[in-house]
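The structure appears right after this line, and notes come after that.
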4 protein chains.
Amino acid sequence: MPKKVDRTARREELLDAALRVFARKGFAASRIDDVAAEAGIAKGSVYLSFDSRDALLEAVFQRYAARSEQALAAASAVRGPALDRLAALVRGTVAFLAAHPEHARVLADVWACRAPLDLAAVHRAHREAVARLLADARAEGTLRPGVGAAHAAVVVGAVEGCLVQWLADPRTPLAELAGPIVEVCVEGLRA
Amino acid sequence: MPKKVDRTARREELLDAALRVFARKGFAASRIDDVAAEAGIAKGSVYLSFDSRDALLEAVFQRYAARSEQALAAASAVRGPALDRLAALVRGTVAFLAAHPEHARVLADVWACRAPLDLAAVHRAHREAVARLLADARAEGTLRPGVGAAHAAVVVGAVEGCLVQWLADPRTPLAELAGPIVEVCVEGLRA
Amino acid sequence: MPKKVDRTARREELLDAALRVFARKGFAASRIDDVAAEAGIAKGSVYLSFDSRDALLEAVFQRYAARSEQALAAASAVRGPALDRLAALVRGTVAFLAAHPEHARVLADVWACRAPLDLAAVHRAHREAVARLLADARAEGTLRPGVGAAHAAVVVGAVEGCLVQWLADPRTPLAELAGPIVEVCVEGLRA
Amino acid sequence: MPKKVDRTARREELLDAALRVFARKGFAASRIDDVAAEAGIAKGSVYLSFDSRDALLEAVFQRYAARSEQALAAASAVRGPALDRLAALVRGTVAFLAAHPEHARVLADVWACRAPLDLAAVHRAHREAVARLLADARAEGTLRPGVGAAHAAVVVGAVEGCLVQWLADPRTPLAELAGPIVEVCVEGLRA
DNA sequence: TATGAATGAGCGTTCATTCAT
DNA sequence: CATGAATGAACGCTCATTCAT
């Protein structure tokens, strides 16, 4: 089935191009021509793979969501004490974002656009993964009293919030914030 | 000086209208006509107070920045042990954001637009306020060893990150997250 | 009747201002605000003296037409041989235009606008004055055979055409062209 | 290279349409829609060939300048006594203008607009051609004493000035003025 | 399938004109 | 009379989308 492969490959190349362009100038200022030029194809050809400009942003986001979930799954697969695994998850998430600044940058466009891109699902998955680890830690007896599922949002938020500060000021050393985040959001929760 | 008063009042009314419109449909989808209609004036009259559509967003942001700074100053003015004051600052910030959902919603537009709106300065001021309190706590001997100025970004991030989750999913109870944030970002830092 | 005087004086001041502005930036690029500012009054006050922006150009032109006619009449009043009077008329016309570069510059706007400003009447009056002098010269026997009323347009054109060259390139020394024009259009016509 | 041909052809068609529209209602009153409609294409398509409305006027002028130069070159190519060639040049120029009333009409818009359209260069070329013929006539001994290069502007002006009178009053028989112009500006210069 | 010329709805901005003060 | 804020029609230009080739 060469057609399918070609279509998929072309979609991926286009998404790579769109990701770079969106990250560089922002979705609002990105033209279909810009994406096509970045991908080295003609403007009209973009519509062979995507229905609209908005669909391009949605697809870019979906790819981020999928990759983010993979990173989450990978981090959740490690063995060891629950809070160590939580620390690993936090570090993994930060490393993933720092390693993919383009994906991170496009997040702002996703927040701003009002399309029904299920960003909430990404957050939910993230919170649930954290909540599971907190529950494990509770079972292990390594969790501070009074800490529970309600605090998962705070852990997720700490990561996301550092990302926001980095977006607003690229000089913020996002990767170096992994340590402090772990110290606050993991070590501070130990019994 | 009736002129000055009128112009300022008209500017404020327009900013109120713009804030509502931007919060409702997003800056990218907001038309000058929408803002004018919301303010009950003619489209052309918007240009009596603002040079351009972008200037409107900038002014809306500047007002947010100023109000945010006021909220910060108010929270910093309380007396008591440093970490209690940090808790107050966090609760105050969350309360401010929860009480002004429109301002908060427009933040996403500011992140997405690439105009030189000094969002970084807002973050910096916030981090510095937190860092000052952490330094005070250190002097009081109430701070956990190893915690310092580097962790201010995490505290600020936790608040901002919860805001992001609320923006992505309005069902997230932002106001109720103040408690967990304090438990993680303040109580977890105690010696 | 102080009102009448005031209104007329105000009109004149406004026309002076309009003439300066139109000459400086061209009618197409001149705003009512520009004229008002040049006259030192408020924008709306312009409409107390003129019905519209176009009426301003028309009035400026009418004033030029009247002054041009006066210059023509003055030149026609001199005594002496017909061709000497023609030379005086040419020199007077050129001197008038060179002395009022602003009026001359606005002529281009009058040519370009399609309003029914009777520029043709100005040309007609000019041609008729020249034709009268040529007829006088014919009666005096000082005119070359074959030259008559039909050549008046050429004499008028030579002046106007030098004006055009000066409008297109202000470095053209309009005043200095009076001599050559007379040599070609007057001396060349002698019997 | 079908692309180049098509683009050039389309440009020419658009310039033809623009020329007609500008001549009919004047540049100031001509809308992009008018030009597009005259060319039978959509408004936006105009921008595939021209950057702006002003660029359209500039291109129309450039085409006039080029054609004018061709007419000049053709007239300069004839053989014979210098003053006969000058007469031919004058007749050729007038015939060219009379045959292209649209081009001539747009000249007024060029005079009025302040864009840096090098109308002065057209005049200069015209003057230089005339001046060369006058120098030849001097060498031939057929030129009246006292006449020289300084009179070239007058000859050029006589043509241009008759054009102006025709622009102001289309009833003026421009073509019929060629004879009188020659009689004044050529015959009057003979030794 | 790939192209890019063509489209035309849409929007930001301008500015002549009006009129309440 | 004088003012200048308010108006809103008008227009240049953009660009996502389409479709003939």
Side-chain angles (χ1 to χ4, degrees), chain A residues 2-3 6-7 10 14 28-37 39-57, chain B residues 2-3 6-7 9-11 14 28-37 39-56, chain C residues 2-3 6-7 10 28-37 39-57, chain D residues 2-3 6-7 9-10 14 28-37 39-56:
Chain A
K3 290 295 187 55
D6 283 350
R7 275 188 72 87
R10 163 55 50 93
L14 259 174
S30 296
R31 309 284 144 242
I32 289 285
D33 307 67
D34 298 329
V35 174
I41 64 175
K43 170 165 53 164
S45 303
V46 172
Y47 288 86
L48 296 175
S49 303
F50 295 93
D51 283 344
S52 71
R53 179 169 168 273
D54 285 348
L56 219 34
L57 179 61
Chain B
K3 297 289 191 47
D6 283 350
R7 277 190 74 88
R10 164 49 53 94
R11 260 185 80 98
L14 256 174
S30 296
R31 311 281 138 244
I32 289 286
D33 306 68
D34 298 330
V35 174
I41 64 176
K43 172 161 59 160
S45 302
V46 171
Y47 290 86
L48 294 175
S49 302
F50 295 93
D51 284 343
S52 70
R53 179 171 167 274
D54 284 350
L56 219 33
Chain C
K3 292 293 189 54
D6 283 350
R7 276 189 71 88
R10 163 54 51 93
S30 296
R31 309 284 142 242
I32 289 285
D33 308 65
D34 298 329
V35 174
I41 65 175
K43 171 165 54 165
S45 304
V46 172
Y47 289 84
L48 296 174
S49 302
F50 295 93
D51 284 343
S52 71
R53 179 170 168 274
D54 284 349
L56 219 34
L57 179 61
Chain D
K3 297 290 191 47
D6 283 349
R7 278 189 76 87
R10 165 49 53 92
L14 257 174
S30 297
R31 309 284 137 242
I32 288 286
D33 307 70
D34 298 330
V35 175
I41 63 175
K43 171 163 58 161
S45 302
V46 171
Y47 290 87
L48 295 175
S49 302
F50 295 94
D51 284 342
S52 70
R53 179 171 168 274
D54 285 350
L56 220 34

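So you know, we letter chains A, B, ... as the sequences are listed, proteins then strands, and number each from 1. Because the structure is a prediction, the values reported are computed rather than measured.
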Round to the nearest Å and state the distance from [X] atom [atom1] to [N] atom [atom2].
X	N	atom1	atom2	answer
D:R7	E:dG4	CZ	C1'	11 Å
D:D6	E:dG4	CG	C1'	12 Å
C:D34	E:dT14	CG	P	14 Å
C:L48	F:dA2	CG	C1'	7 Å
A:L14	E:dT1	CG	C1'	14 Å
D:F50	E:dA5	CZ	P	15 Å

**Request:** Let me know, please, whether B:G40 or C:G40 comes out on the 5' side of the other along DNA chain F by nearest nucleotide.
**Result:** C:G40
**Item:** Residue mapping more 5' on DNA chain E - nearest nucleotide basis, B:R31 or D:I41
**Value:** D:I41
**Message:** Here's a test of your reading of the structure: between D:S45 and B:S30, which maps to the more 5' nucleotide of DNA chain E?
**Reply:** D:S45
**Request:** Please examine the side chains of D:I41 and D:L14, heavy atoms only from C-beta on, and report whether any two atoms are closer than 4.5 Å.
**Result:** yes
**Request:** Output the distance between atom OG (B:S45) and atom CD1 (B:I32), rounded to the nearest 0.5 Å.
**Result:** 11.5 Å
**Asked** CG/C:L56 to OH/C:Y47 distance, rounded to the nearest 0.5 angstrom?
**Response** 9.0 Å
Using atom types as modelled and distance alone, determine if a side-chain donor or acceptor of [X] lies under 3.5 Å from a backbone N or O of [Y].
X	Y	value
D:R7	D:L48	yes
B:R53	B:S30	yes
B:R11	B:D6	no

**Item:** Shortest non-hydrogen contact between D:D34 and D:A29, atoms and distance
**Value:** OD2-O, 3.9 Å
**Request:** Using Watson-Crick or G-U wobble pairs with both distances under 3.5 Å, give me DNA chain E in dot-bracket, 5' to 3', with [ ] for crossers and | for pairs to another strand.
**Result:** .||||||||||||||||||||
**Asked** Taking only N and O in the side chain of B:R10, is any of them less than 4.0 Å away from OP1 or OP2 of F:dA6?
**Response** yes
**Request:** Please identify each residue that fulfils salt bridge (charged side-chain N to carboxylate O under 4.0 Å, His left out) with B:D33, with sequence neighbours left out.
**Result:** B:K43
Set out, line by line, the N/O atom pairs under 3.5 Å between protein and nucleotides 17-20 of chain F.
unit_1, atom_1, unit_2, atom_2, d
F:dT17, OP2, A:Y47, OH, 2.9
F:dT17, OP2, A:R53, N, 2.8
F:dT17, O4, A:K43, NZ, 3.3

